Amino acid sequence: MGKKFETEILHGRKKSNSKITSKVTPIYQTSAFSFKDLDELEGFYHGNGQYLYSRVGNPNTDELGEAVARLEGAPAGIASSSGLSAILAGVLAVVKNGDHIIAADDLYGGSFHMLKEELNQFGIETSFVSFDNLAEVEKAIKDNTKLLYTESITNPLLRVEDIKGVVELAHKHQLNTLVDNTFATPYHCQPYSMGIDLVVHSATKYIGGHSDVTIGVLTGREDLVASARAKVVNLGTNVSPFEAWLTCRGLKTLALRMKAQSSNAKKLAEALLHNTFVEKVYYPFEQEKDGYGAMVTIELSKSVDINDFFRSLAWIKIAPTLAGVETTVSHPLTTSHRSLPPEACEALGITKEVVRISVGIEHADDIIVQFEQAIEKSL
Ligand SMILES: *Cc1c(COP(=O)(O)O)cnc(C)c1O
C-alpha cells in the first residue's frame, strides 16, 4: 500500500546515496542523528565515531575545532557559540567554586565583565593584574590560585604578551594557563606550542574573517578540552552547524588574509607615526615581521574633533567589532571597554581620543589616504 499524503511528505525521500562525494563537507543542519538499530546506538557510547545529538557533537562544529587545533599545534579543540562561551568553557574546565584566577588587567572588556560580575557570583574570584610586570603577577598568587589568563596581543593597546615568561611562572607554581589568541591568530602566534594549556579564539574575528558569524573555538590540552567540551554540552553553549561551516570556509583563507592585513596595518601605522595630529600609535613594531597583526590603535591629538573624524572616514565604517576583510574603526572607550570603570580606562590610557583600527585587505595607499584626509577634515 502506498503512503498517505501526510506520510509521503515526510518519508517519500529515497535513502541517502553514499556515492555522493562532495568536495567540501556538507552542512549537517540537523538537531540529531539516526541509527539503524540499538547496537549502532549503543556503539555511539563506545566511541564508534557516530553522532547522537547536535548539542553533544556535530560534524561541522567538530571540523572547526579540529582545524583550529591543528593550526595551534594542539591535540584537541572545540567550537562553541561565541568567543565568550569558549572562554567560559575553558575557565570552568580549570576552576570551580572557591578557586582564584589571575587575569591581565587589560583583558577584552567582555571577558573582564564575565570574570568580575558573573563568575564572581559563583565563588570564583579574579584578581586583575598588569602582566607587563610578571613579578606583580607572582605576588598576586594565592593558595587557591588555579589559572593565569591573558591575551597574546592585548586589546586595544596591542601589548605583545611575554608568553614564555607566563609559562615559566605557571610551571613554577603549578598553575594552568589560558591565552586568548584572537588578535594574533595561529598565523602569527601558537601559544600552545609555547607551553600554554588552553588557547581561546573569538572566531567571530579573524578565524571567520568575514563578519558574518558569532562563534568561539577553544584548543589545548586533551584532558582540559574534554572538560571544556562537557561544559559546552551541559551548559548548552554549542554553535549551529551552519555557523561552524561558514567559519571553516573563512578559515581556509586565514593565511592570505592575515598576511595582507598585517602588511597593510604596518604600513598604516608607519604613515600615522609621521602625522602631527596623531599623538600615539600603538602597533607591535618591535616584532621583526612584515606586520604582526592587523590592528592599529591611535591616540589622536586633542585638536582633532573625534566625532568629525569618525564622520569623515567615507568608506571606512564605524563598527564595534574587528577582523573583517574591510577596514573598520571603533571607539574602545564607548564600546569594547564601556564596562571597565573609568579609572581603569584612564590608567590603561584608553581615553576619548583613542581609535582602534581593524585594517582590511583594501590597497594600503587608499586606507592611508582615508585616515589622513579624515584627520585634516576634523581639525
Ligand atoms: C571579540 C572578542 C572576544 C569575545 O568574542 P565573542 O565572539 O564576541 O563572544 C573575546 N576576546 C577578544 C580578544 C575579542 O576581541
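None of the values given here were measured: they were computed from a predicted structure. First listed ligand is number 1; within each ligand, the first listed atom is number 1.
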For Val233, which fellow cluster members are found when Ile, Leu, Val, Met, Phe, Trp and Tyr are connected by side-chain heavy-atom distances below 4.5 angstrom, either directly or through intermediates?
Phe35, Leu38, Leu41, Phe44, Tyr45, Leu52, Tyr53, Val56
Can you find a pair of side-chain heavy atoms, one from Asn264 and one from Ile367, that are under 4.5 Å apart?
yes
Do the side chains of Thr177 and Val179 get nearer than 4.5 Å, heavy atoms only?
no
Can you see whether Asp105 engages Ser130 through a side-chain donor-acceptor pair at a distance of less than 3.5 angstrom?
no
Short N or O separations between ligand 1 and the protein, below 3.5 Å:
| from | atom 1 | to | atom 2 | distance (Å) |
| --- | --- | --- | --- | --- |
| ligand 1 | 5 (O) | Ser202 | OG | 2.9 |
| ligand 1 | 7 (O) | Gly83 | N | 2.9 |
| ligand 1 | 7 (O) | Ser202 | OG | 2.8 |
| ligand 1 | 7 (O) | Thr204 | OG1 | 2.6 |
| ligand 1 | 9 (O) | Gly83 | N | 3.0 |
| ligand 1 | 9 (O) | Leu84 | N | 2.9 |
| ligand 1 | 11 (N) | Asp180 | OD2 | 2.7 |
| ligand 1 | 15 (O) | Lys205 | NZ | 2.7 |

Given 3.5 Å as the limit, does a donor-acceptor pair link the side chain of Asn181 with the main chain of His201, or not?
no
Parallel, tilted or perpendicular, judged at 30° and 60°: which one describes the rings of His188 and Tyr292?
tilted
